[in-house]
Colleague: 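If you scroll down you'll find the structure; I have some questions about it.
A, B, ... follow the sequence lines: proteins, then strands. Residue 1 opens every chain. We use all heavy atoms of the structure for the numbers below, so side chains are in, but hydrogens, waters and symmetry mates are not.
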Protein chains: 2
Amino acid sequence: MKTISKHLTDSGIKPSYQRIRILTYLMENKNHPTVEMIHKELVNEIPTLSKTTVYNTLKQFVEKGITQVINIEDNETRYDADISTHGHFKCLKCNKVYDFKFDNKNLEVSDIEDFDFFQTHLYIKGICKNCKYLLNIKN
Amino acid sequence: MKTISKHLTDSGIKPSYQRIRILTYLMENKNHPTVEMIHKELVNEIPTLSKTTVYNTLKQFVEKGITQVINIEDNETRYDADISTHGHFKCLKCNKVYDFKFDNKNLEVSDIEDFDFFQTHLYIKGICKNCKYLLNIKN
DNA sequence: TTATAATTTTGTAGCGATTTCAATAATGTA
DNA sequence: TACATTATTGAAATCGCTACAAAATTATAA
Ligand SMILES: [Mn+2]
Ligand SMILES: [Mn+2]
Ligand SMILES: [Zn+2]
Ligand SMILES: [Zn+2]
């Protein structure tokens, strides 16, 4: 993956084997995985991969700005290599996290007009279309 | 506090002494405290209060819908007895969490039109007005 | 190439937040 | 009062994450 390697060097990160594999996983699986999920998947292909490396690597990715943290639940930290401003919907039935677009520019907020905004996170919880459909069939 | 007690019974929660004190703290201090902060404050007045009780009580408050969880950072779970839909701004300088209003109705989202929304959380991180002011003075 | 230095990865130990669980205390009921 | 139910407590266990030092890898220079 030449592009992945370049993405890392462009961000000031040396493209080690582990870093390339972790970033590749993040870009190919847009499922907002936890450290646990990433490690569990990659350790099949890289048996020596330690969980510490996954933690270190993601921390570095976030610091260098090529990955964002998703804090939709208090007991699971998820990661997303898509750093564009977009929302996250978590289905309380199937636990899947969906991306959605929202208009950041037209977002009307009051009380904090003179504050400087660095990051905006919009999280919605509910039931996804597929789970709604499955629930209807049952009844 | 008659109203606090009624608020609990109305929500199907027996108004024990500890529960009343914890809810009172949440309603009087709108600082989005952590379990640690609540316990540290209340143990002065209730020396036997255990941290487990604070955990249990908040879990119950959230389940019964009279408190919401604020997950703006991955390493601290905060609580808010104001369950109206409003946004939270965390200042990365002074760590204060501010409330702000936003227009939930006019929020334009795409890709998840047919989903059922239960909760909407809007988190913004940045620098608050006061910290901006203090930074300007220094320079 | 070889020796040496710098960086990266790894595994273990430690830490802090949260949960589990059983004993104790408080409250409700007959 | 006697008994049943519920709530609180504190200790131990668990879980996610970090700190740290050894081992492995990679870069640099002789
Ligand atoms: Mn995403
Ligand atoms: Mn609030
Ligand atoms: Zn679903
Ligand atoms: Zn501030």
Side-chain angles (χ1 to χ4, degrees), chain A residues 4-5 7-9 11-25 32-64 66-80 95 97, chain B residues 4-5 7-9 11-25 32-64 66-80 95 97:
Chain A
I4 298 281
S5 197
H7 190 190
L8 287 168
T9 49
S11 310
I13 301 169
K14 287 191 186 171
S16 73
Y17 179 62
Q18 287 85 344
R19 289 168 183 163
I20 291 169
R21 299 305 300 269
I22 290 170
L23 184 54
T24 303
Y25 179 86
H32 312 91
T34 62
V35 163
E36 196 62 35
M37 290 161 74
I38 297 168
H39 182 259
K40 200 173 179 181
E41 279 299 310
L42 291 183
V43 82
N44 292 324
E45 309 161 30
I46 316 165
T48 59
L49 181 71
S50 81
K51 216 172 274 186
T52 305
T53 298
V54 182
Y55 276 108
N56 290 342
T57 302
L58 290 170
K59 188 178 185 179
Q60 195 184 26
F61 286 1
V62 172
E63 281 169 1
K64 298 291 185 178
I66 62 170
T67 295
Q68 66 166 319
V69 178
I70 308 297
N71 279 324
I72 196 164
E73 296 282 3
D74 57 350
N75 55 351
E76 54 177 31
T77 303
R78 291 167 173 263
Y79 295 88
D80 192 347
N95 291 323
V97 174
Chain B
I4 297 280
S5 197
H7 190 192
L8 286 169
T9 48
S11 311
I13 301 169
K14 287 191 186 170
S16 73
Y17 180 61
Q18 287 85 344
R19 289 166 183 164
I20 291 170
R21 299 305 300 270
I22 291 170
L23 184 55
T24 303
Y25 179 86
H32 312 92
T34 62
V35 163
E36 195 63 34
M37 291 161 73
I38 298 168
H39 182 259
K40 199 173 179 181
E41 279 300 310
L42 291 184
V43 81
N44 292 324
E45 309 161 31
I46 317 164
T48 59
L49 181 70
S50 81
K51 216 171 274 186
T52 304
T53 297
V54 182
Y55 276 107
N56 290 340
T57 302
L58 289 170
K59 187 178 186 180
Q60 193 184 28
F61 286 1
V62 172
E63 282 168 0
K64 298 290 186 180
I66 61 170
T67 295
Q68 65 166 319
V69 178
I70 308 297
N71 280 324
I72 196 164
E73 296 281 2
D74 57 350
N75 55 350
E76 55 176 31
T77 303
R78 291 168 173 262
Y79 296 88
D80 191 347
N95 291 323
V97 174

Colleague: Can you see which heavy atom on B:Thr53 is nearest to which on B:Ile22, and at what distance?
Modeller: O-CD1, 4.4 Å

Colleague: Check for a donor-acceptor pair, side chain of A:Arg78 on one end and backbone N or O of A:His32 on the other, with a separation under 3.5 Å.
Modeller: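 Pair found, side chain donor or acceptor close to backbone of A:His32.
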
Colleague: Between C:dT10 atom C1' and A:Leu42 atom CG, what is the distance in whole Å?
Modeller: 16 Å

Colleague: Base contacts versus sugar-phosphate-only contacts with protein, heavy atoms under 4.0 Å: please encode nucleotides 18-30 of chain C as B, S and - from 5' to 3'.
Modeller: BBB----------

Colleague: For residues 46-61 of chain A, which residue pairs qualify under salt bridge (charged side-chain N to carboxylate O under 4.0 Å, His left out), counting only residues two or more places apart or in two chains?
Modeller: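 Non-adjacent pairs meeting salt bridge (charged side-chain N to carboxylate O under 4.0 Å, His left out): A:Glu36-A:Lys51.
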
Colleague: How many Å lie between CG on B:Asn71 and P on C:dA17, as a whole number?
Modeller: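 Computing the B:Asn71:CG to C:dA17:P distance gives 15 Å.
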
Colleague: Taking only residues at least two apart or on different chains, which pairs with a member in residues 33-59 of chain A satisfy ring-ring contact (aromatic ring centres under 6.0 Å, His included)?
Modeller: none

Colleague: What is the nucleic acid contact for B:Thr34, judged by heavy atoms within less than 4.0 Å: base, sugar-phosphate only, or nothing?
Modeller: nothing

Colleague: Looking at A:Gln60, does any N or O in its side chain come under 4.0 Å of the phosphate oxygens OP1/OP2 on C:dT8?
Modeller: no

Colleague: Would you sort out whether B:Ile70 and B:Tyr79 count as a side-chain contact (heavy atoms from CB on, under 4.5 Å), showing the intermediate values?
Modeller: CA-CA 6 Å; B:Ile70 308 297; B:Tyr79 296 88; over 6 Å; no

Colleague: Partners of B:Thr48 by side-chain contact (heavy atoms from CB on, under 4.5 Å), sequence neighbours excluded?
Modeller: B:Ile46

Colleague: Can you find a side chain N or O atom of A:Thr53 that sits less than 4.0 Å from OP1 or OP2 on C:dT10?
Modeller: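 So the side-chain polar atoms of A:Thr53 do come within 4.0 Å of the phosphate oxygens OP1 or OP2 of C:dT10, strictly under.
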
Colleague: Can you pull the contact range of chain B along DNA chain D, 5' to 3', using atoms under 4.0 angstrom from its heavy atoms?
Modeller: D:dT6 to D:dA11

Colleague: I need the full list of salt bridge (charged side-chain N to carboxylate O under 4.0 Å, His left out) pairs touching residues 12-24 of chain A, with sequence neighbours left out, sorted by first then second residue.
Modeller: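 Residue pairs passing salt bridge (charged side-chain N to carboxylate O under 4.0 Å, His left out), neighbours aside: A:Arg21-A:Glu45.
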
Colleague: How far apart are the closest heavy atoms of B:Ile13 and B:Ile66, and which atoms are they?
Modeller: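 Nearest heavy atoms, B:Ile13 then B:Ile66: CD1-CD1, 3.9 Å.
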
